[in-house]
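The structure displayed is predicted, hence computed values, not measured ones.
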Amino acid sequence: MAEEVSGEELDGLFDTWFYSEELASLPTLNLFAGSLENDTLYGSGTGGTLAGLDGNDTLYGNGGANTLIGNSGDDLIYGGSTAERILGGAGNDTIYANGGNDFIDSGAGFDTVWLGGGGSATVLIRTTPRSATTDDFVTIKNFQLGSTRLQVSGGIRSNTLTFVDSADGVQIRRGNDVLAVVAWQTASTFNDNRSLIFR
């Protein structure tokens, strides 16, 4: 049907996007894709989408308003100073937001998110265990009261969450499940500032 509507032969497109084990990059659309191996991908100053596949990938935002997608594997993601959308995917990812008004969903795994200064980042906190085998969670470092916002998935209200001090920082819990740990913060700070912290 696509060939009929376009009036063109599209075998090359279908071979690349449906039958190949490697996702094709489309530089003219600022879409850069990885392979099933460990890849290193660099964004451009004009923005675009970087997507790793399987493997332990390293993604660099490089200044543009990029979408950075780690997908499977233990990925290392470096955002730039502009507003970016960062999606870690499955695996134990480490994300360096580096400022900007970023939206960060670290995905499934025991992830670490380092927030940069000078921006109003939003970090998604999942309200159910994100893995079938473990109660994984995200550790958030360099949280800044008044700048960093936390968004709870599933429409769950922040008043259903509890906060517990631990050696690693404040634990954000729903029932007995640890959803996140915010380093260098206290339960009293979170209890006293729910409306400022949560979206």
*Would you check, one step at a time, whether the test side chain to side chain contact (heavy atoms under 4.5 Å, CB included) holds for Y96 with Y60?*
CA-CA 10 Å; Y96 294 93; Y60 294 93; over 6 Å; no

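- Atoms CG and CD1, from L68 and I77 in turn, are 6.5 Å apart once rounded to the nearest 0.5 Å.
- Side-chain atoms of D57 never come within 3.5 Å of backbone atoms of G52 as a donor-acceptor pair (strictly under, hydrogens ignored).
- Side-chain contact between N62 and Y42 is present, with heavy atoms from C-beta onward closer than 4.5 Å.
- Side-chain contact between V182 and F190: present, with at least one pair of heavy atoms (C-beta onward) separated by less than 4.5 Å.
- A side chain to side chain donor-acceptor pair (under 3.5 Å) with D105 is found for one member of Q151, R85, R126 and no other, namely R126.
- With contacts defined as side-chain heavy-atom distances shorter than 4.5 Å, the pair S72/D54 qualifies.
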Name every donor-acceptor pair, under 3.5 Å, that has one atom in a side chain of residues 161-172 and the other anywhere in the protein, sequence neighbours excluded.
unit_1	atom_1	unit_2	atom_2	d
D165	OD1	A187	N	2.7
S166	OG	D168	N	3.3
S166	OG	G169	N	3.4
S166	OG	G169	O	2.6
Q171	OE1	R173	NE	2.8
Q171	OE1	R173	NH2	2.6

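- The two atoms that bring A183 and K141 nearest to each other are CB-CG, 4.0 Å, heavy atoms only.
- Taking CG from D75 and CG from L87, the interatomic distance works out to 11.5 Å, rounded to the nearest 0.5 Å.
- A donor-acceptor contact shorter than 3.5 Å is absent between the side chain of D102 and the backbone of A121.
- The closest side-chain donor-acceptor pair between T122 and R199 falls under 3.5 angstrom.
- You'll find the side chain of L124 reaches within 4.5 Å of the side chain of F103, heavy atoms only.
- Side-chain contact between S120 and N101 is present, with at least one heavy-atom pair separated by less than 4.5 Å.
- Between the side chain of N38 and the backbone N or O of N56 there is at least one donor-acceptor pair closer than 3.5 Å.
- To the nearest 0.5 angstrom, T49 atom OG1 is 7.5 Å from N66 atom CG.
- Applying the side chain to side chain contact (heavy atoms under 4.5 Å, CB included) test to Q144 and every residue at least two apart in sequence or in another chain returns N142, S147, T148.
- Residues forming a side chain to side chain contact (heavy atoms under 4.5 Å, CB included) with T160 (at least two apart in sequence, or on another chain): I156, R174.
- Between W114 and I95, the closest side-chain pair of non-hydrogen atoms is not below 4.5 Å.
- Side-chain contact between F137 and F110 is present, with heavy atoms from C-beta onward closer than 4.5 Å.
- The shortest side-chain heavy-atom distance between I140 and L115 falls under the 4.5 Å cut-off.
- The main-chain N or O of L53 is never found under 3.5 Å from a side-chain atom of N71 such that the two would form a donor-acceptor pair.
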